[in-house]
Each structure stands twice: as structure tokens, then as C-alpha cells.
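Down below is the structure, laid out as C-alpha cells.
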Amino acid sequence: MSELINTEQQYRGLLERVVFSTLLAMPCCVFLCINGTMLFTLRSKPVFCETSRYILLYNLLFADTVQLALCQLLYIIGVCRIILTYPVCGVLVMLARLSNDISPLTLVVMSLERYVAVCYPLRHATIITIRNTGLAICVVWIFSLLNVLIRVLLLINFLFKNMESLLMKDICSDIFLLLDPITDQYDKAFTYLVLTSATVAITSSYIGVIVAARSASTDKASAHKARNTLLLHLVQLGLSLISTMHNLFIQSLSTILPRLAITRIKNVFYVFIFVLPRCLSSLIYGLRDQTIRPVLMYHLSCGLKHSGPSQC
């Protein structure tokens with residue numbers, strides 16, 4: 001009787017995973033197509049390639065798109081119960097970590113750019129140049145790569161010392177790569193440092209824009225748009241903070257809840273914490289920006305309104 005109940009529970013769990021993963025794969029593919037179209041749009045006209053704001057947006061959107069694709073790949077691997085080796089899992093997780101670190105740091109640079117545009121409009125063209133923007137993006141990537149390199153060195157050091165086999169005992173996840181307490185402590189310290197610094201920088205920029213908006217010499221419309229943009233940056237940063245803290249929450253629940261309940265909670269978290277935030281950039285900026293919106297809609301419709309089906 002107990003074997004029959006266990007078989008039925010396993011079947012229900014498998015059916016639930018298949019249905020949920022199928023329903024989830026469809027919107028993920030749609031948003032990946034939208035993000036890809038947005039990336040193409042930001043390279044389709046000289047104004048997008050020669051404006052610092054759009055160059056930074058491209059970097060943010062690229063990181064979000066890579067993160068979404070890797071998260072979906074890791075999710076499919078988890079649903080299919082594919083057991084990877086530590087090196088393969090490490091490469092996938094570290095790439096996801098790299099793109100995840102780039103997003104909040106890019107948001108900081110974008111917030112500072114809006115702050116300079118509102119508070120120092122006469123000096124904006126000399127401070128926010130294409131060269132300085134490229135330098136800031138390079139610093140963001142180098143800082144994120146250094147973090148990934150340190151994590152890889154810590155992982156390799158632990159594997160060579162303590163592992164009897166390179167085959168993982170569970171599905172690939174960043175949680176199962178925190179093998180050493182030192183790695184776990186470093187991960188938490190770096191994450192808190194980045195998110196705290198980003199929060200302070202974006203909040204300070206927001207306060208600076210509000211103060212500047214009260215000045216008679218400031219363009220009220222520009223200050224209002226910048227304030228709304230910075231608020232959106234804070235929301236995106238908050239979602240990044242939640243996605244970072246969810247591991248601690250899952251680890252706490254795993255001690256008191258059965259595995260199936262943990263799987264359901266992780267599925268919900270995956271949708272609202274990992275998938276939706278990675279789709280916000282293209283939706284927010286693609287619809288809000290008057291320069292991007294018509295070009296984006298043209299590419300999404302394959303130019304049907306203007307050139308006919310042959311151009312698609």
C-alpha cells in the first residue's frame with residue numbers, strides 16, 4: 001500500500017513538473033525574443049550607438065538576457081533531473097553569477113548618468129562621453145569578472161582537497177556550489193557589499209534629483225522623468241536583492257518542509273524573482289522611451305505596417 005502511495009506521489013510530482021515547465025517555457029521564449037529584438041533595436045540606428053544612456057541600457061539588457069537564458073537552461077536541467085559534474089555546473093552558475101553581478105552595477109552607472117544630466121546639464125556632454133561610458137562598462141565587467149574568478153579559485157581549491165568524485169550528488173544549483181564555509185561567507189560578503197553600495201548610490205542620486213528639481217534653473221520635465229527612472233532603478237535593485245536573499249529562505253524552509261513543497265516554492269520564486277525582473281528592462285525602457293518605442297514596435301511587427309510581409 002505504501003509503495004502504491006509513493007508511486008502515485010512520484011507520478012503527481014512528475015506531472016506537475018512537466019506541466020509547470022511547459023507553461024513556463026512559453027513566456028520565457030517570448031521574453032527572450034523580445035529582449036533579443038530590443039538588443040537588435042539598440043544597434044539598429046546611430047543615435048542608439050552614440051548616446052551613453054542607450055549604450056548603458058544595452059549593457060544592462062544584455063546581462064539580463066544572458067541571465068534569463070541561463071536560468072531557463074538550469075531550470076530545464078533541474079526539471080529533467082540531469083546530474084552534472086561540478087566543472088560543468090560551475091561554468092553555468094558562474095556565467096549566471098557574472099551576468100547577475102553586472103546588472104546592479106550597471107544600474108548604478110545609469111543612475112549616476114541621470115543625476116549628472118539633471119544636476120549638471122551644462123557639463124553633461126563633457127562628463128558623460130562615449131569614452132567615459134565605455135570605461136565605466138569595462139570597470140563593471142572587470143569587477144564582476146574578478147568576483148567570478150575568486151569564486152572559481154575557491155571552488156577549485158575545495159574540489160582538489162575534499163572531493164572523491166566530480167559528479168554532483170544533486171541537481172545543479174548555486175546553493176550546491178557553496179561547498180566550503182569560506183565560499184559561503186565570501187559570497188554573502190560580496191553580495192551585501194554590492195547591493196548596499198548600489199542602494200546608497202541610487203538613493204543618493206534620487207535625492208539629488210529631487211533637490212535639483214526644486215531649483216528654478218532646472219528643467220522640471222527632465223527632472224520628473226529622471227526621478228521616475230531612478231525609482232524604476234530602485235525597484236529593479238530591490239528585485240535583485242530579493243533574488244539574492246531567496247537562497248537563505250529556501251535553505252531555512254528545506255529543514256521543515258518536504259521536498260515536493262520546496263520544489264513548488266522554488267518554482268514560484270523562479271517566476272516572480274528570476275524571470276519577471278529579467279523582462280522588465282525591455283518592457284520599461286522599450287515602452288517609456290519615445291525614441292526606442294517606434295523602432296522597437298517596427299522590429300517586433302517585422303515592419304508589416306510599413307513594408308509589407310516580404311520584409312519580415
Side-chain angles (χ1 to χ4, degrees), residues 35 38-65 101-144 194-241 277 280-297:
N35 284 10
M38 183 72 168
L39 289 171
F40 176 78
T41 299
L42 291 173
R43 284 293 179 265
S44 62
K45 290 184 176 294
V47 64
F48 299 136
C49 302
E50 299 171 358
T51 305
S52 296
R53 183 170 76 253
Y54 298 129
I55 295 174
L56 291 170
L57 175 58
Y58 183 91
N59 190 64
L60 174 66
L61 187 63
F62 178 79
D64 285 345
T65 304
D101 291 340
I102 289 172
S103 293
L105 295 175
T106 304
L107 286 173
V108 171
V109 180
M110 294 175 70
S111 300
L112 294 176
E113 186 274 332
R114 288 293 83 198
Y115 171 79
V116 174
V118 173
C119 299
Y120 304 98
L122 299 179
R123 301 177 57 187
H124 180 265
T126 57
I127 298 176
I128 310 297
T129 62
I130 300 298
R131 180 179 178 277
N132 290 341
T133 302
L135 182 62
I137 291 175
C138 288
V139 171
V140 167
W141 276 82
I142 292 173
F143 187 74
S144 302
V194 169
L195 292 176
T196 302
S197 302
T199 302
V200 171
I202 297 177
T203 304
S204 301
S205 300
Y206 179 74
I207 295 174
V209 168
I210 291 178
V211 172
R214 297 177 180 178
S215 173
S217 60
T218 304
D219 184 354
K220 303 298 182 182
S222 176
H224 180 72
K225 291 178 63 177
R227 186 187 66 184
N228 292 339
T229 301
L230 290 172
L231 274 177
L232 292 174
H233 289 173
L234 283 173
V235 171
Q236 290 174 283
L237 188 64
L239 292 173
S240 296
L241 176 61
L280 284 178
S281 296
S282 57
L283 293 177
I284 290 173
Y285 298 101
L287 297 178
R288 287 181 72 243
D289 195 287
Q290 299 298 325
T291 306
I292 297 178
R293 183 166 57 186
V295 185
L296 176 62
M297 298 307 295

To the nearest 0.5 Å, what is the distance between [atom1] on [X] and [atom2] on [Y]?
X: F40; Y: L296; atom1: CZ; atom2: CG; result: 11.5 Å
X: L112; Y: I127; atom1: CG; atom2: CD1; result: 11.0 Å
X: T106; Y: Y58; atom1: OG1; atom2: OH; result: 13.0 Å
X: T199; Y: L107; atom1: OG1; atom2: CG; result: 10.5 Å

Locate the shortest heavy-atom distance separating [X] from [Y]; write the atom from each residue and the value.
X: T129; Y: S52; result: O-OG, 3.5 Å
X: L39; Y: F62; result: CD2-N, 3.8 Å
X: A198; Y: P104; result: CB-O, 4.3 Å
X: I130; Y: C49; result: CD1-O, 4.5 Å
X: G208; Y: C119; result: O-SG, 3.6 Å
X: T41; Y: F48; result: O-CD1, 3.1 Å

*Counting only heavy atoms not in Y206, do more than 12 sit closer than 6.0 Å to its OH atom?*
yes

*Decide if atom CZ of R43 counts as having more than 12 heavy atoms of other residues, nucleotides or ligands within a radius under 6.0 Å.*
yes

Below 4.5 Å, heavy atoms only, C-beta onward: do [X] and [Y] meet side chain to side chain?
X: R123; Y: V116; result: no
X: I292; Y: Y54; result: yes
X: V200; Y: S197; result: no
X: V209; Y: R114; result: no

*asked:* Applying side chain to side chain contact (heavy atoms under 4.5 Å, CB included) to I128 and R53, what does each step give before you reach the verdict?
replied: CA-CA 9 Å; I128 310 297; R53 183 170 76 253; over 6 Å; no

*Derivation of the side chain to side chain contact (heavy atoms under 4.5 Å, CB included) call for S205 and I202*: CA-CA 5 Å; S205 300; I202 297 177; 5.6 Å; no

*List in chain and number order the residues that pass side-chain contact (heavy atoms from CB on, under 4.5 Å) with I137, two or more places apart in sequence or in another chain; answer none if no residue qualifies.*
I55, L56, N59, T133, W141

